[in-house]
Amino acid sequence: MSGSIPFYQKHHRHYDRGYRSKGTESKMSQYQSTSRYTGGSSISTTGRSSGLKVSSYSGLEASRLSPVPKRAKPTYLAVDKENQIIGYVVPIFREFATGFSDTEEARVRNTSAHMARRDLFTRGLEMERSEVISRKEAIRESAERISLTKTIHEHEEHFKHMNEDSLMHAPEFVIKPRSHTVWEKQCVRLHCTVSGWPEPRVVWYKNNVSIDPLANPGKYKLESRYGVHSLEINRCDFDDTAQYHVSAMNSKGELSAYASVVVKSRFHQDSKSHYNADAELEGAPGAPLDVRCLDANKDYIIVTWKQPAVDGGSSILGYFVDRCEIGTTHWIQCNDTPVKFARFPVTGLVEGRSYSFRVRAVNKSGMSRPSRVSEPVAAMDPADRARMRGSTSAPWTGQIIVTEEEPAEGVVPGRPRELQVTEATKNYVVLSWNPPGEKGLEGVMYYVEKCVSGTDSWQRVNTEIPVRSPRFALFDLAEGKSYSFRVRCCNSAGVGEPSDPTEATTVGDKLDIPSAPGKVIPTRNTDTSVVVSWEASRDARELVGYYIEGSVVGSNVWEPCNNKPVNATRFICHGLMTGEKYVFRVRAVNAAGISQFSQESEAVEVKAAIASPSPPYGITVLECVHDSMVLAWKQPNFIGGADITGYFVDYREVIDGVPGKWHEANIKSISERAYRVSDLKENKKYQFQVRAANMAGVGIPSLPSDTFLCEEWTIAVPGPPHDLLLRDVRNDSLVLLWKPPVYQGRDPVSGYYIDIKEADAPEEAWRGVNNKATEKTYFKINNLNEGETYVFRVRAQNKAGVGKTSDITEPVPALTKPGTKEIVVNVDDDGVISLNFECCDLKPDSKFVWSKNYEEITDTSRLSVETKGNKSKAVFNTPAEEDIGIYSCLVTHTDGASSSYNLNEEELKKLLEISHEHKFPIIPLKSELAVEMLEKGKVRFWLQAEKMSANGKIDYVFNDNALSQGEKYKMNFDKNSGVIEMIMDSLTPADEGTFTFQLQDGKATNQSSLVLIGDVFKELQKESEFQRKEWFRKQGPHFIEYLGYEVTPECCVILKCKVGNIKKETTALWSKDGREIKSDQHLGFTEGVLKLEIAQISKKDSGVYEVVLKDDRGKDTSTLNLTDQGFKDLMNQVFTFIANSSTPLKITSTDKGIRLYTFVSYYNDLLQVTWHYKDAAIAFSDRIKSGVVGDQLWLQITEPTEKDMGKYAIEFHDGKGGLRRTVELCGQGETVFSAAIAEKNRARVAGGLPDVVTIQEGKALCLTCNISGDPAPEVTWLKNDREITSDDHCILKFESGKFASFTITAVNTSDTGKYSILVKNKYGTESGDFTVSVFIPEEAGGKKK
């Protein structure tokens, strides 16, 4: 038997863990810590294998081994928590045959005892050796089996790594980002957890635009760590309100998750504009929320949404649903009328295409902006969608390829199964069913039929719309009626049997609007938030959530507190204004609509919860008498969030240094920080403690004070001032306040001295601030060094001297705190003078305390204080000299926020002047209100202001009634020119009255009025009507100038008119007294003038003339009345021309007397003339006559005498002033008479001679004429202006002084010529002419032939 150690006990590197790396040791320790890696028994071994737990295995029966307990079959594979194989375990084998070690066995073998026993135990040793051999064989088999298992496992791992698809998978969101609603200037963080292999690439988007942190430094922060990805948005503002989504992508696919961020402004700001920012019109509702798509099929999708929180002030009438096909930007409205329910079935979709949806709300004010679009959804069979989701071989691309199995040839589909009404409202009914069970019928279509209950008439609903989905929505059903429905399948083989009909379904809303929530209870939370809880709505079905609204007490303006419905019955309303009182109300919402509001809650003030104050400190004695002491102390540093309501003082006697029991000095709290403790014992020592109290209770007491001796003070100087306060701390100044000493000394206090030193300076550094004592209990300390810390104290003075110093103040640095504001003086548009102070560090219980000369103002007769939010205003009621002083404002519960303002006499005078200018401003006008006529008879009222701002306002008033823009009134205000106008289409009798324009620009006002009554209004109305008719008339051919007349200098009358807007087809018809005038003159329109000439007007031309213009656009008529007065006026104008054409009046002598005459260019029988003698009309007689010869008007005086001498005139009458022609007949009697005699006796050729004589040659010619004159005239005959004498051929005779004859016995051609007779006597000469023409008969006959 060999004494060598078996190989499995040797220090082999492969099995000895001493040679293992640290990583291997760590892994092995993990495996061993799990019970599944350990065997059924564990034996301690020596060396490096000590303590190691392994699993053992043997191929032999347990009885053949060492006597160890029977164990279960172990495993040598190491697995993790998910049962995945990660390694294998090699067991450590132990020796059971002997209990000796190597050294001991050698020693025993060499001893005699061993030699003596060897033979005795030889048999046993051989058996044991045989057992060892068997064990070696078993171990060898076990090792081979382990090696084989390892090889197989490694082979599997190799192929697993070679086949990457078994490990790779598309991205998946383990945790999706969630939506947030935050306040302005807060930060928000969106985060998600993504799994996938290879590791997905993550990109964040805002409104589908990728976010680049470098483009907005400091705004966005992106982090990715261990599969957790986050987007942080710093200091949110309203522009950050958007839809954000995160996209994860790798080679196996892409996936996105969405979240919304809503940024709200603080409640006291214009939160309504933020919550209703989506509303395009004033009063329109907000956009609907959370649009989702449910139950998507091949051509049918149900769209759901949540009602908006803001309804615009009126109930929502319904909703419109829009759809957009993915890849396009064209939105299509799905419903023609608004639906009341917050869900709607969309049909008519194209199978295989993807759509997104949005919803718009509508109320009586208008339409909201669209909601955010839904996630894309594909119109496809749900089974196909499930199969596509289950396949991860390729990423989702948004494109769907629809394939259909061809129906089985010649097989008519069976009945649809399980038909039911899944949804019924008054707008629609939704049916759903299962396809027939036969295979090969995937290409079937469906026909839906309806039947009114109580009848057997089935009507097919979708005759034109192919139904591919086992869903269908029916519209246009009669509300209140009951229907049954059934469905048929069809394919190319035919139409199948109908399904079983549904039960009778009544059309109407089945879901009721929830009832109003119960009692609403608000609870204080923080200085800007309130917790609101309420009782849930009773019997509410399908409740979506609740909307909460809040209102400042007294404002009656309700603002939404949440943008999305709250599922719980408790909500924290943030963003409230500290110090304001709010009431709240709640309403519930489900798919049917929004409930009525709950009852308003009780008012709650927004302020933080309170706690009891900290202890006061700095207890000092201000005065001491024999049985009492006056104590003072400082306010606690922490007041507990509420005003301190009072203090409680305790005292105890100290005897020989041992304090006694505490006693209460006051049972009722005191408000001042000074108190007299009475009933003390003289010359006894006491200690004191003080406790502060507020609404939350009484705080803990202060530390015991120093020990004070109760003995009466007898010093002459005053005691110490107390209660030193610091106000208006700035970089170079501050104000110190104090209270007078309680102990005055022998004489009253006459002044105070202030001391100052640096906080870290020694006592010797105290120095005075004022050299002269101040009588006031406040003092402004200037010339401080910025950043230096100071302490102060005050001393009082009386006649006896300067008293004790006060306690020093707390150290204060000379620094202006960030955000510090100063008091601002303002004069508003009403001329009101006010002091304004703003505090940015307001606490819930902070109050603004106004003081004059640092004494709180309690009398409001001179100054009124208004506080709102973090601003306070002190308004002077009637500013006067008594208001001069130092005004200051202190904000309690802050770190010394205060400011002061010195109102001196000069400043007050300046403010009063500005106030007067603001109180009575007037808008200057360039022109007052006026009226003018526009085209089409429109009436324009207008005025012009010199200057008005863009915020100027105009009120239009008629008879004290306001006018508004509409069909009748068109208002316009040109802000650039200042022209204000109002235009009316026409005037009616109801418009008679006073028109007023009232102008307002801020405080400045003005107005201007125009009175239109009586004749003024009637004329304007008449003109408006005329202009209106004129406009319509001028749309066709019309008269620019109506028919009139013109008299020419030749006294011709021309009727004419001017026309416009004519064309080639326009005709003009003249008529007189209704009869058409036939005119030879061409009436053209080249110059736009029509004329009708009357050459010699007479009475017969009197009448009514009319011209009619006509074409296809209309006609216009112009009439001229020339009858009666019209004709007289015309003739008077003619008479004027005749009178003006008359020649000067002349005198001539006739054989009968004297003739006065004048010539006119044209004489008309209707002309009236009057002859005057010495300015009196002449009475005609046989001696004096007047008449007209041709164009000559004459007056004949027969046998004139001296009495006929004087001034004569002829007067032409033209209806106006007329015209006179005069002549003077004076001193000419003899001359005129002689001229008359001469004219009477003048030689004349009375007549008898022809103008032309034509005679045949050879004939005799004899002509005779009468001659007159006294004396008898001389007669001379002329031929061709040459005198001829009597001879045989031409015989000339003059007989009896009266008859002259001319005779040619036989005429010949030489007698042809011009002949004249000339008669002459002393009174005158006259001639007569005639022509003789001689012809030869033969020539005449030849010519005739």
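Values below: all heavy atoms of this structure, side chains included; hydrogens, waters and symmetry mates excluded.
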Taking salt bridge (Lys or Arg N to Asp or Glu O under 4.0 Å) as the test, write out the residues that go with Arg323, two or more places apart.
none
Near Arg225 CZ, under 6.0 Å, is it more than 12 heavy atoms from other residues, nucleotides or ligands?
no
Determine whether Phe571 and Trp534 satisfy the following criterion, ring pair (Phe, Tyr, Trp, His ring centres under 6.0 Å), listing intermediate values before the conclusion.
CA-CA 9 Å; Phe571 184 74; Trp534 59 91; 7.6 Å; no
Taking atom CD1 of Ile513 and atom OG of Ser595, what is their separation to the nearest 0.5 Å?
8.5 Å
Neighbour count above 12 (heavy atom, 6.0 Å) for His180 NE2:
yes
Is it true that Glu375 and Ser356 share a donor-acceptor pair across their side chains at a distance under 3.5 Å?
no
Decide yes or no for Cys293 and Phe357: does some side-chain heavy atom of the first lie under 4.5 Å from some side-chain heavy atom of the second?
yes
Donor-acceptor pairs under 3.5 angstrom involving side-chain atoms of residues 302-309: please list them, not counting sequence neighbours.
residue: Gln307; atom: NE2; partner: Asn590; partner atom: O; Å: 2.5

Tyr547 (side chain) donor-acceptor with Val566 (main chain) under 3.5 angstrom
no
Quick one: salt bridge (charged side-chain N to carboxylate O under 4.0 Å, His left out) pairs with a partner in residues 201-213, sequence neighbours left out?
Lys206-Asp240
My understanding is that only residues two or more places apart in sequence, or in another chain, count here; which of them pass side chain to side chain donor-acceptor pair (under 3.5 Å) with Asn335?
none
Partner set under side chain to side chain donor-acceptor pair (under 3.5 Å) for Ser314, not counting sequence neighbours:
Asn363
Does any pair with a residue in residues 186-197 pass salt bridge (charged side-chain N to carboxylate O under 4.0 Å, His left out), and if so which ones, sequence neighbours excluded?
Arg189-Glu223
